[in-house]
Asker: 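Submitted below is the structure of interest, expressed as structure tokens.
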Amino acid sequence: MAYFQSKPTAGRHFLQIPGPTNVPDKVLRALDNPTMDHRGPDFGLLGAQILEKVKAVFKTTQPVIIYPASGTGAWEAALVNTLSPGDTVLMCETGQFAFLWREMAERLGLKPELIQTDWRRAVDVPGIAAKLRADTGHAIKAVCVVHNETSTGCTSRIDEVRAALDEAGHPALLLVDTISSLGSIDYRHDEWGVDVTIAGSQKGLMLPPGLSFNAISPKALKASESAKLPRSFWDWKPMLASNATGYFPYTPATNMLYALDTALDLLLAEGLENVFARHDRHAEATRRAVRAWGLEVQCEDPRHYSSALTAVRLPEGHSANALRAAILAKFNMSLGNGLGRLNDRVFRIGHLGDFNDLALMGTLSGVEMGLRIAGVPHQPGGVKAAMDYLSGNS
């Protein structure tokens, strides 16, 4: 069966979750190429080309390692290549994905020192700074931050986290998850002094799930020489050795690499600054719609608004899951569910990846009609507010 759909519906499905995102036709066609010999000479040329080209999206001149895995695999790779059993890692629980990364750290034998938030704002930079200043013995070996928290729609200021490390004179590594921000929100691996940047294929890079990434600094590479956590599949050393000639130490996701090559071409042809401006514009239009409906954005601090997604709170006593189910049944549109403590409390609108004005207007129209059908108290006019903003800011 080419495509599973429990209830066939006319028209295309609107996939407006915050990832996986819609895959451009050119990328789908690239996936459709015949599989190449991953030990042959042509693959070495392709691999070398991709490994060099992908650096531009991370804004780095340093190596980027590509795994055939989800973003969760890249989390693990970042930890096991740089840390040892019992190491303390400073983490800030900004949402469900920060929570899950902390759980992984515990299972690997690390000791997370956690800064809590109310899941309505980005990382607590003053809290991180205070912890670093107090750690005069440098027990903290890494600071782990989620750049764009997909469960809440809050984006953290990585430059400010870097400044906190520098001001404290602390040698801890800086590990950053950009799984839902890379290719959607401005990010600068080298400039912000990040040691390991973690990413996945299925969001701003406009690919299906299946690839994950570690961009690594010289400091992180040095740390990997003495790190004692067990690693085999995730080990950077054999990857870097093979990557030097464009190859991989084990079978790569060959057709996904074809697709990545094409997706990178699309992003670089549009221009990364233009890509970021497009995401900023769609995010602002979405927030204007939410406010016009009389609803509340989950992220409370405008400095931390995400340009990749908007999480929307429903009034007390109303089910976000019931709203999503009604919109799916009536309009064939998928919206993101609330995760963890936000289950049934929020729904999430993804506006990242291969996305334009008309796609956003269709999405917001479906939400506004869905609010009415589901009996959620709201004011009409959200779609008009977004349309007025888009038409005046083209």
Side-chain angles (χ1 to χ4, degrees), residues 58 60 62-67 69-94 97-116 123 127-147 156 158 161-162 164-166 168-179 189-190 192-200 212-243 249-250:
F58 290 85
T60 185
Q62 303 303 318
V64 177
I65 291 174
I66 305 174
Y67 295 102
S70 68
T72 304
W75 273 352
E76 183 164 339
L79 296 174
V80 300
N81 278 284
T82 58
L83 298 165
S84 298
D87 279 353
T88 298
V89 291
L90 183 59
M91 308 180 100
C92 189
E93 190 183 300
T94 49
F97 290 95
F99 171 81
L100 292 173
W101 199 10
R102 184 206 71 183
E103 279 196 335
M104 173 185 281
E106 289 175 339
R107 289 196 299 269
L108 290 171
L110 300 170
K111 294 180 179 177
E113 186 170 331
L114 190 65
I115 298 173
Q116 295 277 4
V123 294
I128 289 173
K131 292 280 189 183
L132 293 171
R133 286 194 301 269
D135 182 33
T136 56
H138 298 161
I140 296 169
K141 301 305 180 186
V143 177
C144 301
V145 176
V146 175
H147 181 217
S156 293
I158 303 305
V161 178
R162 178 73 261 169
L165 279 157
D166 292 345
H170 202 290
L173 296 165
L174 177 56
L175 278 53
V176 179
D177 167 350
T178 67
I179 292 170
H189 176 88
D190 286 358
W192 294 342
V194 180
D195 293 300
V196 187
T197 297
I198 293 138
S212 63
F213 307 82
N214 279 177
I216 56 178
S217 73
K219 182 179 174 181
L221 192 57
K222 180 68 175 175
S224 72
E225 295 174 5
S226 57
K228 297 294 191 297
L229 281 173
R231 58 191 189 267
S232 176
F233 181 86
W234 306 115
D235 196 350
W236 289 344
K237 188 174 181 180
M239 284 290 254
L240 291 170
S242 292
N243 286 175
Y250 43 72

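Only a predicted model underlies this, so the values are computations on that prediction, with no experimental measurement involved.
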Asker: One pair to check against side chain to side chain contact (heavy atoms under 4.5 Å, CB included): Phe233 and Met239. What are the steps and the verdict?
Answerer: CA-CA 9 Å; Phe233 181 86; Met239 284 290 254; over 6 Å; no
Asker: Can you confirm whether Asn214 sits close enough to Ile198 that some side-chain heavy atom of one is under 4.5 Å from a side-chain heavy atom of the other?
Answerer: yes
Asker: For the OG atom of Ser84 and the CG atom of Leu79, what is their distance to the nearest 0.5 Å?
Answerer: 12.0 Å
Asker: What orientation do Tyr67 and Trp234 show, parallel under 30°, tilted 30 to 60°, or perpendicular over 60°?
Answerer: perpendicular
Asker: Within the 4.5 Å heavy-atom criterion, are Ile216 and Leu240 side-chain neighbours or not?
Answerer: yes
Asker: Could you report the tightest heavy-atom contact between Ser156 and Val123, atom names first, then the distance?
Answerer: OG-N, 3.0 Å
Asker: Could you tell me which non-hydrogen atom of Asp135 sits nearest to which non-hydrogen atom of His170, and how far apart they are?
Answerer: OD2-NE2, 2.7 Å
Asker: Would you name the heavy atoms of Cys144 and Val89 that are closest together and state the gap between them?
Answerer: SG-CB, 4.4 Å
Asker: What distance separates Asn81 CG from Trp236 CH2, expressed to the nearest 0.5 Å?
Answerer: 5.0 Å
Asker: Checking Leu90 against Ile128 for the side chain to side chain contact (heavy atoms under 4.5 Å, CB included) test, could you report, in this order, the C-alpha distance in whole Å, the side-chain angles of both residues, the deciding distance, and whether it holds?
Answerer: CA-CA 8 Å; Leu90 183 59; Ile128 289 173; 4.0 Å; yes
Asker: Taking all non-hydrogen atoms of both residues, which atom of Ala78 and which atom of Leu175 are closest, and how far apart?
Answerer: O-CD2, 3.9 Å
Asker: Test Leu173 against Lys219 for side chain to side chain contact (heavy atoms under 4.5 Å, CB included), laying out the working first.
Answerer: CA-CA 8 Å; Leu173 296 165; Lys219 182 179 174 181; 3.8 Å; yes
Asker: Looking at Thr197, Ile65, Val64, Ile179, which one forms a side-chain contact (heavy atoms from CB on, under 4.5 Å) with Phe213?
Answerer: Val64
Asker: For the residue pair Ser217 / Asp195, report whether a side-chain donor-acceptor contact shorter than 3.5 Å exists.
Answerer: yes
Asker: For residues 97-115, which side-chain N or O atoms pair as donor and acceptor with protein atoms under 3.5 Å away, sequence neighbours left out?
Answerer:
residue, atom, partner, partner atom, Å
Glu113, OE2, Lys131, NZ, 3.2

Asker: Could you report the tightest heavy-atom contact between His138 and Gly169, atom names first, then the distance?
Answerer: NE2-O, 4.1 Å
Asker: Backbone N or O of Lys141 within a donor-acceptor pair of the Asp87 side chain at under 3.5 Å?
Answerer: no
Asker: With the side chain counted from C-beta on, respond yes when Arg162 and Val194 share a heavy-atom pair under 4.5 Å apart, and no when they do not.
Answerer: no
Asker: Closest approach of Thr82 and Ala223, non-hydrogen atoms and distance?
Answerer: O-CB, 4.0 Å
Asker: Partners of Arg231 by salt bridge (Lys or Arg N to Asp or Glu O under 4.0 Å), sequence neighbours excluded?
Answerer: Asp235
